[in-house]
Amino acid sequence: MQSKSRIHADPPLHNDKFDRIPDSLVLLILNKVADVRSLGRCSAVSKRFNFLVPHVHDVYVKIDRVVTVDGDPSDESLNLASPKPRNLFSHLFKLMLITILKPFHHLRNPSSGNKPLLPQLSHHSPAQVLKNFTQIRNLHIELPAGDVGTEDGVLLRWRAEFGSTLQNCVILGGTPIDLKSNIIDQDPLPVAEDNGSIPESFYANGGLKLRVVWTISSLIAASTRHYLLRPIIKNHTTLRSLVLTDSDGQGTLSMGAEQLREFREKPLAASASANRTQVPASNMKLRYAPYLELPEGIGMQGATLVAIRPSGEGGGSGNNGNSRKEAEAFLNGSFDGPFRAAVKMLVKRKTYLLEMNGF
C-alpha cells in the first residue's frame, strides 16, 4: 500500500531584503522620485508600492502635451467657453494629459473593491490626476510653455506670489545679447547716453507702451494660473508649498503655507470677463536701463524691472517695515543666475511710480 504523498511549497531560495526596509524609508525614497509618471510606474511594481505611493509628500507633474477632450460641464475649472481661445491657461484644466495618465491606467485601489486607482482616461484634469494622492505637501506643476507672446529675441520673466489674491509680482524684460559670440556684431547703446533716467526716446518709440503690455499680459497669465488651481488646493489640505512653472522658464507662480491657508479661508474674487482671479488695484515701481552688462558673458538692452504690489499693502505703520522687507526679499530672490544680477543692478536705478486699477 502506497503512502499518501503530500505537496509542499518549495522554500524560497533567498529572502527579499527589500521587504525589510520600513515603509517610512521607502516613502523617503519615493519622495525623491517625485515625478508623477515615475510614481505611477512604481505603483505597478507591487501591492506594497501601490499602497505607499498615494502617501508621498513631494509630487512633480510635468505636462508635455495636451489633447482636447469632452469634459464635465459641471466643473467650472473645465469650462472651455472662454472669450480668449488662444489663452493656454483658460483651457488647461479642460485638457487630458495623456503622457501623465498612462502609467496610472492599470492601477487598482484595493480599498474600493479593486477598482482602478484612477477613473477611465476619457475625462481628466490635473486635479483628477492628483486626487488619489492624500498627503501631498510640496507640489510642483510644469506647463508646456509660457503664455505671454513676445517678439523674437526678447526675454520676459515674471514671478508672482498669491494668497487669495495677488500679493507680489516681479517682471523682468529686455533683449539679451551673447557677448561671447557677438563682440564684433553687436553695438550696444553707449554708456555716455545713460544718465540713470529713462531717455525721451523710451516714450517716443513705444518703449513704455510695450512694457505696459508685458505687465498686463504677465498679470493675466499669473491670475489665470491662480484661478485654475482652485480644485487642487481645495482637495489637498496637506499642501504647504505649491509652485506652477512652464518649460520656457517664463513665469513662476508660488504659494506657501500661509498663502494656501488664506486661499482656503477667504473668498476668491473672480474676474467678470474671464476664468481668472481679479487683479487688485496695484502700485508699480518701474526701473529701466538702456544697457546692462551681466555675468556669464551676457548683456541686456532695454532692461526693465517692474515690481507690483496691491495698493495699500502693509498700509499700517506697524507692519510697513516688515512689509517692505518682505517685498525686497521677494524681489531680490525672484530670479537666478545673470538675471538675479540684473535685478540687483536695476534696483539701484531711478524708480518711476505708476498706479494701476484692478481688472
Side-chain angles (χ1 to χ4, degrees), residues 146-151 154-163 165-175 189 193-226 250-253 269 271-274 276-292 300-316 319-321 323-335 339 342-359:
D147 192 45
V148 182
T150 58
E151 296 180 359
V154 172
L155 176 137
L156 182 66
R157 296 284 187 271
W158 61 264
R159 186 178 184 92
E161 186 177 48
F162 277 78
T165 187
L166 177 70
Q167 294 184 350
N168 284 293
C169 184
V170 177
I171 301 168
L172 176 68
T175 303
L189 294 175
E193 294 186 9
D194 184 7
N195 60 7
S197 300
I198 294 180
E200 291 296 327
S201 60
F202 180 77
Y203 305 99
N205 64 12
L208 178 60
K209 180 180 178 180
L210 178 62
R211 270 66 179 180
V212 171
V213 171
W214 287 353
T215 300
I216 294 176
S217 299
S218 298
L219 288 172
I220 289 175
S223 61
T224 303
R225 293 185 185 188
H226 179 252
Q250 185 185 87
T252 300
L253 182 149
S271 171
S273 60
R276 61 176 178 82
T277 304
Q278 183 174 358
V279 177
S282 302
N283 296 322
M284 299 190 296
K285 294 182 178 181
L286 185 146
R287 300 172 176 92
Y288 175 84
Y291 178 78
L292 293 178
M300 181 178 284
Q301 288 185 327
T304 307
L305 180 68
V306 181
I308 305 166
R309 298 204 82 197
S311 301
E313 188 74 21
N319 297 328
N320 196 35
S323 179
R324 186 181 296 110
K325 289 180 180 179
E326 291 174 0
E328 291 176 355
F330 181 80
L331 178 65
N332 293 327
S334 293
F335 309 107
F339 305 125
V343 171
K344 290 183 178 179
M345 294 179 186
L346 286 167
V347 294
K348 299 176 182 178
R349 311 283 298 195
K350 185 175 181 179
T351 301
Y352 295 83
L353 302 178
L354 303 121
E355 293 183 354
M356 178 181 65
N357 294 327
F359 62 93

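- Put simply, the side chain of H226 gets close to the backbone of G163: a donor and an acceptor are under 3.5 Å apart.
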Side chain to side chain contact (heavy atoms under 4.5 Å, CB included) between R309 and N283, worked out: CA-CA 6 Å; R309 298 204 82 197; N283 296 322; 5.7 Å; no

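- By the 4.5 Å heavy-atom criterion applied to side chains, L305 and L286 are not counted as neighbours.
- Heavy-atom minimum distance, W158 versus S218: CD1-OG, 3.6 Å.
- You'll find the side chain of F359 reaches within 4.5 Å of the side chain of I216, heavy atoms only.
- Nearest heavy-atom pair across A307 and L331 is CB-CD1, 4.3 Å.
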Walk me through whether I308 and L219 qualify under side chain to side chain contact (heavy atoms under 4.5 Å, CB included). CA-CA 10 Å; I308 305 166; L219 288 172; 4.0 Å; yes

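- Contact between V170 and F335 at its shortest, heavy atoms only, is CG1-CE1, 3.7 Å.
- The main-chain N or O of I220 is found under 3.5 Å from a side-chain atom of S223 such that the two form a donor-acceptor pair.
- The main-chain N or O of C169 is never found under 3.5 Å from a side-chain atom of E161 such that the two would form a donor-acceptor pair.
- Between the side chain of T150 and the main chain of V148, no donor-acceptor pair closer than 3.5 Å is present.
- Residues meeting the side-chain contact (heavy atoms from CB on, under 4.5 Å) test with Q278, sequence neighbours left out: A269.
- Nearest heavy atom pair, residue K285 against residue T351, reads CB-CG2, 3.7 Å.
- For the pair L166 and P280, the minimum side-chain heavy-atom distance is below 4.5 Å.
- Residues T175 and M300 fail the side-chain proximity criterion, which asks for heavy atoms closer than 4.5 Å.
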